[in-house]
Amino acid sequence: MQSLKIYNTLTREKELFQPINAPHVGMYVCGPTVYNYVHLGNVRTFTTFDTLYRYLTHIGYKVRYVRNITDVGHLVGDGDEGEDKIGKMAKLEKLEPMEIVQRYTNDFHNVLTQFNLLPPSIEPSATGHIVEQIETTKTLIEKGLAYESNGSVYFDIAKYNAQGGEYGKLSGRVIEDLLVETRDLDGVGEKRNPLDFALWKKAAPEHIMRWPSPWGDGFPGWHLECTCMSTKYLGDTFDIHGGGMDLKFPHHECEIAQAKGSTGVDPVRYWMHSNMLTVNGQKMSKSLGNSFLPSELFAGSHPLLDQAYSPMTVRFFMLQSQYRSTLDFSNDALKAAQKGYKRLMNGLRIIKTLSYQADESIALDEKQITEVKKGIQGCYDGLNDDLNTAVAIAGLFNLLKKINQLYMGQVLPAQLGEEVFNELQEKFVALTEDVLGLKEESNANIDAFAKGMLALYSEYKEAKQYDKVDQIRTYFKANGLVIKDMKTKIDWAYEE
């Protein structure tokens, strides 16, 4: 196994990853609330944990990856008062809530497929686990950590902390400061303490989504679903819990309190959070007019975009930054990513076509061998350092120089030896496709078509029919390809 280090939000340190039950790994990631189209900030988070899932699998772990669907309980404003986001959209659209859920769950899956994200091992929904949420609420009441008030049930943070809990330890918030911040808030009448949060909410007469419970008809609080589903499928304590930075408080803080309050143990070993997206240096926001959907990005239809950008270009762009750093969207950055992505795909295509040819007359070149091994290790060093995909990509581009030298005949496969040549080929393909999830977006038949056109190109060139030679070059260029006319051969590549 590789020695992977992960930055643990809980301890604020990079720690050596040591699973509870190696080689098995349990990973839970907070999924979307399916009331609207998935936005790019969500995509960055899910791409981060897709890459982690891929890498853990690549280095030999058996991962159970659980990512939920929130289809009830998430209220407008993310608090304990107001309308359910899905219920509100259902009223606006004059549809059943589950029609809204299905529509935007389908969109979520379609977008993630476009970005080449792997499906999780289990994708549970909040409405599918109402029984578990009621049972956990009953347990917390029995333990004196929750109380019923006017048909709703709230978690008692003061009692939790008095019993040894540390509400605020994940986010670094101090309880006394939080009390000062929330003292003057409205809508706290049912609560003993303004910080207390809902486990179960009484449904108002107009509330569409409701279930019977020991406390009357109602619905679960937003935070409870993740506690119930993560521990059900991964155990009372599991390895990794991921999500966006915006979920650290209060959502993940509440998850810890609920889980530890009900089971008596800390639920998670390693907490991981991806950072946010900005656009031209500003926070991405609908109110600022700088928020765009993946579909707008792919079509180039947003006023802030100069052109369309493909899903793999955007995935490559996201992976160029380490997941804990802020990622700034701009046309210049996306255009640079487009060139980098195409360059990497050219290398991927080349390395797949190269083959080892033994030649006893050629001596092994230790310098070339060392450079290849160093380049491969550089990729792994990046990934092992808190999933630093930026360093891993830089390592792939270092290997790309060697691949181009092999392609041009400046370095011969025999100089590397069969073992090292095969390792270069295998690792470059695996790290690019299997770990980073980057793939060629062109038509599967493009290689055969291009080679056929190049055969004609060679015939016209030999016959000195330069007008037809130029026509083929122009046709290639119009389709994002270039002809590479070399001394020893003619080939094609993606235009960078």
Side-chain angles (χ1 to χ4, degrees), residues 25-34 36-59 61-71 101-125 226 229-230 233 240-247 272-277 284 292-298 309-324 327 329 334 337 341 344-345 348 383 387-390 392-393 429-441:
V25 173
M27 181 170 79
Y28 185 90
V29 175
C30 287
T33 301
V34 282
N36 212 329
Y37 295 110
V38 62
H39 60 75
L40 284 170
N42 294 142
V43 172
R44 189 198 186 185
T45 295
F46 301 130
T47 300
T48 293
F49 293 102
D50 174 72
T51 307
L52 179 61
Y53 177 35
R54 288 169 175 272
Y55 186 57
L56 289 170
T57 303
H58 175 73
I59 60 178
Y61 289 110
K62 299 182 185 302
V63 187
R64 177 178 287 176
Y65 174 20
V66 182
R67 186 187 67 211
N68 71 300
I69 294 289
T70 297
D71 55 0
V101 166
Q102 193 65 55
R103 172 190 292 175
Y104 294 114
T105 300
N106 290 345
D107 169 72
F108 173 67
H109 289 153
N110 290 339
V111 168
L112 295 200
T113 298
Q114 287 177 296
F115 280 107
N116 197 31
L117 271 70
L118 299 174
S121 314
I122 304 172
E123 192 174 55
S125 67
C226 288
M229 291 188 284
S230 62
Y233 297 111
I240 298 170
H241 193 313
M245 195 74 76
D246 57 319
L247 296 179
M272 297 178 68
H273 294 90
S274 63
N275 214 326
M276 65 178 181
L277 295 179
M284 186 179 284
F292 37 80
L293 298 172
S295 59
E296 294 175 314
L297 198 60
F298 303 155
Y309 300 98
S310 72
M312 285 298 99
T313 294
V314 180
R315 180 170 181 130
F316 178 85
F317 170 71
M318 289 181 174
L319 294 172
Q320 280 184 303
S321 294
Q322 206 267 352
Y323 73 92
R324 286 191 295 115
L327 180 62
F329 265 73
L334 285 164
Y341 162 71
L344 192 64
M345 289 303 102
L348 185 65
L383 292 167
L387 203 69
N388 196 328
T389 51
I393 287 173
V429 173
L431 288 167
T432 302
E433 293 185 333
D434 299 341
V435 176
L436 298 181
L438 297 166
K439 63 179 183 178
E440 290 189 72
E441 291 178 308

K.L.:
Can you see whether F46 has R67 sitting over its ring - NZ or CZ less than 6.0 Å from the centre and within 45° of the normal?
P.N.:
yes
K.L.:
Between S121 and Y53, which heavy-atom pair has the shortest distance, and what is it?
P.N.:
OG-OH, 3.8 Å
K.L.:
Is the number of heavy atoms from other residues, nucleotides or ligands within 6.0 Å of CZ (R64) greater than 12?
P.N.:
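No, not enclosed.
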K.L.:
Classify the ring geometry of F329 against F292: parallel below 30°, tilted from 30° to 60°, perpendicular beyond 60°.
P.N.:
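Rings of F329 and F292: perpendicular, as their planes differ by over 60°.
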K.L.:
Where do L348 and E433 land on the side chain to side chain contact (heavy atoms under 4.5 Å, CB included) test, with the steps shown first?
P.N.:
CA-CA 9 Å; L348 185 65; E433 293 185 333; 3.5 Å; yes
K.L.:
Of the non-hydrogen atoms in F49 and G242, which two are nearest, and what is the gap between them?
P.N.:
CZ-CA, 3.4 Å
K.L.:
Roughly how far, to the nearest 0.5 Å, is CD1 of I240 from CE of M272?
P.N.:
6.0 Å
K.L.:
Taking all non-hydrogen atoms of both residues into account, name the closest pair between N116 and M312 and its distance.
P.N.:
CB-CE, 3.6 Å
K.L.:
Would D50 and R54 pass as an ion pair if we require N to O under 4.0 Å?
P.N.:
yes
K.L.:
When you compare the side chain of L297 with that of L334, does any pair of heavy atoms fall below 4.5 Å?
P.N.:
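They are in side-chain contact.
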K.L.:
Considering non-hydrogen atoms only, spot the tightest contact between R44 and M318 and give its length.
P.N.:
CA-SD, 3.8 Å
K.L.:
Please give me the minimum heavy-atom distance between L436 and R315, naming the atom from each residue.
P.N.:
O-NE, 2.7 Å
K.L.:
Checking Q102 against N106: is there a side-chain donor and acceptor pair closer than 3.5 Å?
P.N.:
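Looking only at side-chain atoms, Q102 and N106 do form a donor-acceptor pair, the distance falling under 3.5 Å.
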K.L.:
Please round to the nearest 0.5 Å and tell me the distance separating atom NE2 of H273 and atom CG of L247.
P.N.:
7.0 Å
K.L.:
Enter the distance from L383:CG to I393:CD1 here, rounded to the nearest 0.5 Å.
P.N.:
9.0 Å
K.L.:
To the nearest 0.5 Å, tell me how far N42 CG sits from S274 OG.
P.N.:
9.5 Å
K.L.:
List for me each residue that meets ring pair (Phe, Tyr, Trp, His ring centres under 6.0 Å) alongside H109, sequence neighbours excluded, and say none if there are none.
P.N.:
none
K.L.:
Would you say the ring centroid of Y37 lies under 6.0 angstrom from that of Y104?
P.N.:
yes
K.L.:
Indicate the atoms forming the closest heavy-atom contact of P124 with Y233, along with that distance.
P.N.:
CB-CE1, 3.9 Å
K.L.:
So, taking the atom named CG in L327 and the one named CD in Q320, what distance separates them when rounded to the nearest 0.5 Å?
P.N.:
9.0 Å
K.L.:
Quick check: do T432 and M345 have side-chain heavy atoms less than 4.5 Å from each other?
P.N.:
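Yes. Closest side-chain heavy atoms under 4.5 Å.
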K.L.:
So how far is it from T389 OG1 to Q322 CD, rounded to the nearest 0.5 Å?
P.N.:
7.0 Å
K.L.:
Quick check: do H241 and C30 have side-chain heavy atoms less than 4.5 Å from each other?
P.N.:
yes
K.L.:
Can you tell if the side chain of L112 reaches within under 4.5 Å of the side chain of F108, non-hydrogen atoms only?
P.N.:
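Contact flag for L112/F108 side chains = yes.
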K.L.:
Before you tell me yes or no, could you show the steps for Y28 and N68 under side chain to side chain contact (heavy atoms under 4.5 Å, CB included), namely the whole-Å CA-CA distance, both residues' side-chain angles and the distance that decides it to 0.1 Å?
P.N.:
CA-CA 8 Å; Y28 185 90; N68 71 300; 3.2 Å; yes
